[in-house]
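Worksheet: the structure to be examined is printed underneath.
All values below were derived from every heavy atom in this structure, side-chain atoms included, with hydrogens, water molecules and symmetry-related copies excluded. Proteins get letters first, then strands, A, B, ... in listed order; numbering begins at 1 in each.
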There are 2 protein chains.
Amino acid sequence: MGKKRTTQMSDVARAAGVSVMTVSNVLNGRPNVGAETRIRVLEVVDELGYEINLTARRLRTGRTGTVGLIVPRFDHQYYSELAARVSDALAPEGLHLVVEQSGATRERELSALSLARLQQYDGVLLSAVGLDFADLDRIRTDVPIVLLGEQEVPDRYHSIKMGNVAGARLATEHLVARGARRVAVLGGRLDTPHHDMASSRAQGWADALDAAGLAPDPALVIPLESFSIAEARAAIAERVAGGLAVDGVLGVTDEIAIGAMAGLRDAGRSVPDDVQVVGFDNLRISDHVSPGLTSVDPGHDAMVAHALRLLRRQLEDRGAAPEHVVSDVALVERGSTRRPK
Amino acid sequence: MGKKRTTQMSDVARAAGVSVMTVSNVLNGRPNVGAETRIRVLEVVDELGYEINLTARRLRTGRTGTVGLIVPRFDHQYYSELAARVSDALAPEGLHLVVEQSGATRERELSALSLARLQQYDGVLLSAVGLDFADLDRIRTDVPIVLLGEQEVPDRYHSIKMGNVAGARLATEHLVARGARRVAVLGGRLDTPHHDMASSRAQGWADALDAAGLAPDPALVIPLESFSIAEARAAIAERVAGGLAVDGVLGVTDEIAIGAMAGLRDAGRSVPDDVQVVGFDNLRISDHVSPGLTSVDPGHDAMVAHALRLLRRQLEDRGAAPEHVVSDVALVERGSTRRPK
DNA sequence: CTGGCGAGGTGTAACGTTAAACCCTGCCGC
DNA sequence: GCGGCAGGGTTTAACGTTACACCTCGCCAG
């Protein structure tokens with residue numbers, strides 16, 4: 001029925017009566033092509049509807065014009081907002097963003113991180129929650145990588161970290177200043193010496209309570225598995241219904257905090273009158289839920305700007321000394337916490 | 001300082017004392033390789049940390065093992081939920097999903113759709129809001145495409161459409177049944193004979209009102225530009241503050257409906273007592289906002305299942321007759337509309 | 001008039017795989 | 001005793017670009 005072949009450069013060359021190299025030169029805006037020739041080639045390109053084969057170009061040049069962003073889940077808002085920001089920031093530079101989901105499990109994350117996959121990009125922004133220090137240290141590739149994230153990472157990587165401890169501390173201090181005395185940290189964990197997001201934010205919570213002379217009660221550390229809204233909602237509702245005394249909740253993410261607000265409603269508590277709630281991430285939606293969610297803003301734009309700067313640096317100079325940036329955090333007050341008296 | 005080259009198949013071949021083809025055969029699990037040879041090759045692969053160059057493979061075979069999903073925006077929840085669902089559904093088949101953002105503008109969408117880009121995937125799921133019939137018709141490629149979406153599409157494409165008209169009608173009927181008489185359609189538009197999402201859903205709204213003997217009031221069609229929560233919120237708040245009489249709002253998406261609820265609060269109206277609200281998409285978060293958002297569920301899982309089925313069909317048989325699926329819709333009632341009396 | 005240079009252009013050899021054809025060796029059936 | 005075949009492997013030629021070296025003018029300076 002049909003022909004298999006798509007049109008390629010040699011077809012254009014033949015039709016235009018020039019060599020393949022000349023076509024290539026025209027298409028890539030290289031010098032040493034006469035004006036007339038250039039025009040003729042472009043006409044033929046148009047006529048034949050020729051489009052370059054990016055795979056072949058990539059094989060030959062090693063460059064792809066594409067940056068990869070690898071996130072645990074597409075459907076966690078934090079990551080989708082991040083992806084949109086990065087994509088928008090990359091577009092003016094002529095770079096294309098593609099996003100992959102690693103799945104948050106160590107196994108799927110490692111597979112997304114096989115050298116094979118990484119090599120497909122000029123650079124990679126990696127938001128790796130499932131991998132530990134050792135996994136990361138095992139990755140050996142020439143592809144520039146910037147780690148976006150939470151955990152302690154091998155020194156040789158460029159990285160952007162959120163101010164997790166500082167942010168959680170800020171949030172908890174805010175709750176305490178507004179009168180909360182029994183502040184739960186939903187999604188946190190303290191048991192392990194890990195440096196992941198859940199632990200770091202719980203650490204900030206504990207620090208703030210310590211500083212305020214309120215001993216952190218282990219019963220108020222409520223771990224979660226999936227970090228989903230639904231899970232958070234069920235967990236807090238269950239605890240409260242079971243008699244846990246709480247007058248403040250720090251959700252380790254905004255989604256968790258939104259789940260917490262729903263769960264507290266389920267349990268007959270009102271926000272912020274009975275229980276005040278603070279989240280972390282300052283998602284777009286957090287301003288629009290009811291009540292508005294007080295949240296820690298991790299400085300999204302600054303993070304993205306830093307990330308791309310570090311990526312560019314590596315693109316220009318493979319040997320660039322790794323840089324570790326910690327983003328500034330700020331508290332955004334909304335209706336889920338009370339006004340000062 | 002370092003060597004440029006990464007290790008490649010010929011290095012493995014040399015070290016294992018076999019031909020390159022044998023290495024290729026081992027790595028691809030092809031027959032006609034002795035057991036010992038296989039083991040030796042695998043050992044060497046491990047030792048050298050060899051990983052295949054996917055670009056070269058792709059150039060040679062034309063297959064990529066990757067499916068592309070092109071969405072207008074990463075940070076519209078509907079699309080990120082879609083991406084997650086598709087990714088999860090593809091993983092068991094050994095296919096990888098990468099997501100690209102087209103930017104919702106016609107220009108950026110066309111660039112994402114250049115043949116060059118499309119050719120990088122074995123198949124493409126295209127959620128194209130910015131393109132019209134003619135744009136789509138202009139795309140000529142052998143890559144299997146499934147259109148996910150709203151609009152009228154050229155017949156030669158396989159497509160999955162939401163039941164936009166039916167869903168919006170269902171939602172509006174529900175509002176009317178619960179006593180609403182002045183139902184606005186936020187984000188809708190009726191001016192044009194387009195078949196895009198905003199128009200189709202407004203059409204369903206108009207149909208329902210007509211059927212109920214309530215003439216659709218043009219003042220109640222409130223168009224939006226960006227379909228963002230913030231814009232929706234501001235738009236409804238402004239109208240209501242300006243004296244527009246409304247006792248029901250159909251948000252053409254859940255995000256818009258969530259914005260509407262916030263805007264109504266801003267304007268001193270309570271939901272659902274003063275104004276009832278229904279959304280469309282049944283996002284995960286819609287169950288967790290306050291009050292819970294009544295919404296049209298477009299049958300996400302069925303849509304994804306259909307989409308992948310159509311894609312597989314095309315992968316197996318390029319000439320497969322195009323199929324057009326319209327998804328079933330269902331209303332999910334929550335607290336943003338009233339209980340029946 | 002010679003040498004040099006810049007503009008315009010071409011030919012060839014990769015980039016790292018894999019499809020396809022081919023080549024051995026040993027063994028089995030008749 | 002030989003044809004045939006299966007098993008285990010190799011060789012060669014792509015896939016569609018681009019880097020690089022090279023070639024040929026025409027023209028200008030000396």
State which residues pass salt bridge (charged side-chain N to carboxylate O under 4.0 Å, His left out) with [X]; sequence neighbours excluded, sorted by chain then number.
X	result
A/Arg313	A/Glu323
B/Asp122	B/Arg63
A/Asp317	none
A/Asp301	A/Arg85

Name the residue closer to the 5' end of DNA chain D, choosing between A/Met9 and B/Thr22 according to the nucleotide with the nearest heavy atom. B/Thr22
Kindly calculate the angle separating the two end axes of the helix from C/dC1-D/dG30 to C/dC30-D/dG1, each obtained from five base pairs, and round it to 10 degrees.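 End axes: 40° apart.
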Of all residues at least two apart in sequence or in a different chain, which pass the side-chain contact (heavy atoms from CB on, under 4.5 Å) check with [X]?
X	answer
A/Ala15	A/Val44, A/Leu48
A/Leu42	A/Val26, A/Leu27, A/Arg38
B/Ala89	B/Val304, B/Leu308

Among A/Leu126, A/Leu69, A/Val86, whose side-chain contact (heavy atoms from CB on, under 4.5 Å) with A/Leu148 holds? A/Leu69
Has A/His324 got a side-chain atom pairing as donor or acceptor with A/His158's backbone, closer than 3.5 angstrom? no
Counting only N and O atoms by type, is there a donor-acceptor contact under 3.5 Å from the side chain of A/Ser102 to the main-chain atoms of A/Ile70? no
Starting from the C-alpha separation in whole Å, work towards a yes-or-no answer on side chain to side chain donor-acceptor pair (under 3.5 Å) for B/His96 and A/Glu100. CA-CA 8 Å; B/His96 206 85; A/Glu100 297 195 29; 2.4 Å; yes
So what does B/Val20 hit on the nucleic acid, given a heavy-atom distance under 4.0 Å: a base, only sugar-phosphate, or nothing? base
Whole angstrom is fine here: how far is it from CD in A/Gln120 over to C1' in C/dT17? 14 Å
What's the CE-P distance between B/Met21 and C/dA20, to the nearest Å? 11 Å
Would A/Asp88 and B/Gln101 satisfy side chain to side chain donor-acceptor pair (under 3.5 Å), going step by step from the backbone distance to the final call? CA-CA 9 Å; A/Asp88 294 344; B/Gln101 170 172 295; 3.1 Å; yes
Extract, from 5' to 3' on DNA chain D, the first and final nucleotides lying under 4.0 angstrom from some heavy atom of chain A.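 Taking any atom under 4.0 Å from a heavy atom of chain A, the span is D/dG16 to D/dC20.
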Is there any side chain to side chain donor-acceptor pair (under 3.5 Å) pair reaching into residues 48-62 of chain B, and which pairs are they, with sequence neighbours excluded?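 Every pair satisfying side chain to side chain donor-acceptor pair (under 3.5 Å) with a residue in residues 48-62 of chain B: A/Gln120-B/Arg58, B/Asn28-B/Arg57.
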Under a 4.0 Å heavy-atom cutoff, the residues of residues 27-37 of chain B touching DNA chain D are B/Asn32, B/Val33, B/Gly34, B/Thr37
Residues touching DNA chain D, which here means a heavy atom under 4.0 Å, drawn from residues 45-67 of chain B: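 B/Leu59, B/Arg60 - these, ordered by number, are the residues of the stretch whose heavy atoms sit under 4.0 Å from the strand.
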Give a yes/no answer on whether the side chain of B/Ser24 brings an N or O atom under 4.0 Å of OP1 or OP2 in C/dT18.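 Looking at the OP1 and OP2 atoms of C/dT18, one of them is under 4.0 Å from a side-chain N or O of B/Ser24.
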